[in-house]
Amino acid sequence: MIKSIKMLIGIATCSLIGGALTFMGIPLALMFGPIITIIIFHRFGFSFAIPKHTITFVQVALGTSVGLMFNQVSLSEADNLFLLLFMLVVCLAVQFSFSFFWFYRKVGWTKQEAMLGSVPGAMAAILALTDHTHTPPQKIVISHTIRLIILILLAGIVVGSNGDPQPIIELPDLTIKSTFWLLVIVAVGVISGMLLQRLSVPAPYMLTSLASATLIQGWLDIPLNFPLMLTELSMVLIGMNIGNHFVVFPLSSLIKNIYSSAQVVVINIVLTILITVFASWLTGYDMSVLLLAWAPGSMEAMTFAAITMNLDAGFVMSNHIIRMVIIQSIPSIALFWQEKKAKKK
């Protein structure tokens, strides 16, 4: 009972600080606020525990949210659609390959750490994969967090504002019918995720929830939106999870890993710019839109930047959703086959 009360106090504290930073206009403050809170409180001897099934909840929340958005955006208006999608895959491959080489050869990480640290985005999926593979997550978490911070700061510089367009609290506008179908989507995602988990598929709930939301909403004649408050709660919880990984490192090791991760991000941004310049010349599509659409992280920040710059926000969001589907699926499938081969040997 006392443990549960402490846990609720920790979540409430992190939520309040994240909400205050959101009110001040800091992007993704509901995630960064808890990270800062955990680190500061740890220095004074306080630690905040998080619920046991936090990663599962985050997977279901984000997978369902992205799956519902998938049916609300369209790429049909873009010229050279298949060529652009091919270039998106090429961009992802270049980002991943360079990052893997840098972490494995230059920094000296293990192959498992380098692979998970190199996936461009999808923090929740990567945390679930580290939990499944029992890979020490600290370096990986730092790599993804530094990438996210740099990209959000760059988006803020580009649009000339660090404002967060989302309200701090928004009560869900749900009817009985929409609530029923949301519960069906979540139930199908969780049950099918449990079945895949029995087959040793890593991070299954993100994939099953995304597929469940996409397929079921495709059959319905009513638009569904995942409650914003649950998405915000998932951001708070993942921020707390990340913060708990940050405090494990001594300061010298933390600075070293931050420096290595920042180098990778900067070089990846340069590579992304080169690819978007070539793709823009090849297809005639606006380079600014392609750059925001293919940046390795933060769909929210990049979409907001597109809206602020009066660019094609639907195209930007669509590319990030497709990117998230790819990078959430491929590592899980790769690890599944790797484990299957290991068992045969």
Neighbour count above 12 (heavy atom, 6.0 Å) for Met287 CE: yes
Over all atoms of both residues, closest heavy-atom pair of Val58 and Ile238: CG1-CD1, 4.1 Å
Check: Phe100 main-chain N/O paired with Ser118 side-chain donor or acceptor under 3.5 Å: yes
Gln217 side chain to Leu224 backbone, donor-acceptor under 3.5 Å: yes
Set of side-chain contact (heavy atoms from CB on, under 4.5 Å) partners for Val265, sequence neighbours left out: Arg147, Ile150, Ile269
Test side-chain contact (heavy atoms from CB on, under 4.5 Å) applied to Phe278 - qualifying residues, sequence neighbours left out: Met87, Trp281, Leu282
Test ring pair (Phe, Tyr, Trp, His ring centres under 6.0 Å) applied to Phe101 - qualifying residues, sequence neighbours left out: none
Lys6 vs Ile9 side-chain heavy atoms within contact, under 4.5 Å: no
Contact summary for Gly117 and Trp109, nearest pair of heavy atoms: CA-CZ3, 4.2 Å
Distance-minimising heavy-atom pair for Cys14 and Ile38: SG-CD1, 4.3 Å
Any residue meeting side-chain contact (heavy atoms from CB on, under 4.5 Å) with Leu233, in chain and number order, not counting sequence neighbours: Ile11, Phe57, Leu237
Flag, side chain of Ser65 to backbone of Ala61, donor-acceptor distance under 3.5 Å: no
Any donor-acceptor pair under 3.5 Å from Thr54 side chain to Ile50 backbone: no
Side-chain heavy-atom pair His42, Phe48 within 4.5 angstrom cut-off: no
Atom pair CD1/CG of Ile273 and Leu291 - distance to nearest 0.5 Å: 5.5 Å
Expected output: side-chain Ser234 to main-chain Thr231 donor-acceptor under 3.5 Å: yes
Distance, nearest 0.5 Å, that separates CG of Asn225 from OG of Ser178: 9.0 Å
Side-chain (Glu113) to main-chain (Thr110) donor-acceptor, under 3.5 angstrom: yes
Ile17 side chain near Ile36 side chain, heavy-atom distance below 4.5 Å: no
Shared hydrophobic cluster, Leu83 / Leu85 (ILVMFWY, side-chain heavy atoms < 4.5 Å): yes
Ile191-Leu182 co-clustered via ILVMFWY side chain contacts under 4.5 Å: no
Flag side-chain contact, heavy atom, 4.5 Å: Pro51 against Met7: yes
Residue pair Thr13 / Phe41, side-chain heavy-atom distance below 4.5 Å: yes
Within one Ile-Leu-Val-Met-Phe-Trp-Tyr cluster: Ile216 and Ile222, side-chain cutoff 4.5 Å: yes
Ser261 (side chain) donor-acceptor with Ile258 (main chain) under 3.5 angstrom: no
Student check: side-chain heavy atoms of Leu68 and Ile185 closer than 4.5 Å: yes
Test side-chain contact (heavy atoms from CB on, under 4.5 Å) applied to Ile255 - qualifying residues, sequence neighbours left out: Leu251
Path from Leu92 to Val277 over hydrophobic side-chain contacts below 4.5 Å: yes
Joint hydrophobic cluster, Ile267 plus Tyr104, side-chain heavy atoms closer than 4.5 Å: yes
Listed partners of Trp102 passing ring pair (Phe, Tyr, Trp, His ring centres under 6.0 Å), at least two apart: Phe98
Atom of Trp294, atom of Leu84 and distance for their closest heavy-atom approach: CZ2-O, 3.5 Å
Whether Ser99 side chain and Phe96 backbone form a donor-acceptor pair below 3.5 Å: no
For the student: nearest non-hydrogen atoms of Tyr205 and Gln59, plus distance: N-OE1, 3.3 Å
Side-chain H-bond candidate by donor/acceptor type, Gln95 with Thr272, under 3.5 Å: yes
Straight-line distance of Leu271 CG to Thr276 OG1, nearest 0.5 Å: 10.5 Å
Approximate separation, where rounding is to 0.5 Å, of Met240 CE and Ile35 CD1: 11.5 Å
Sub-4.5 Å side-chain heavy-atom contact between Leu230 and Thr64: no
Ser280 (side chain) donor-acceptor with Tyr285 (main chain) under 3.5 angstrom: yes
Heavy-atom closest contact (Gly189 atom, Ser192 atom, distance): O-OG, 3.2 Å
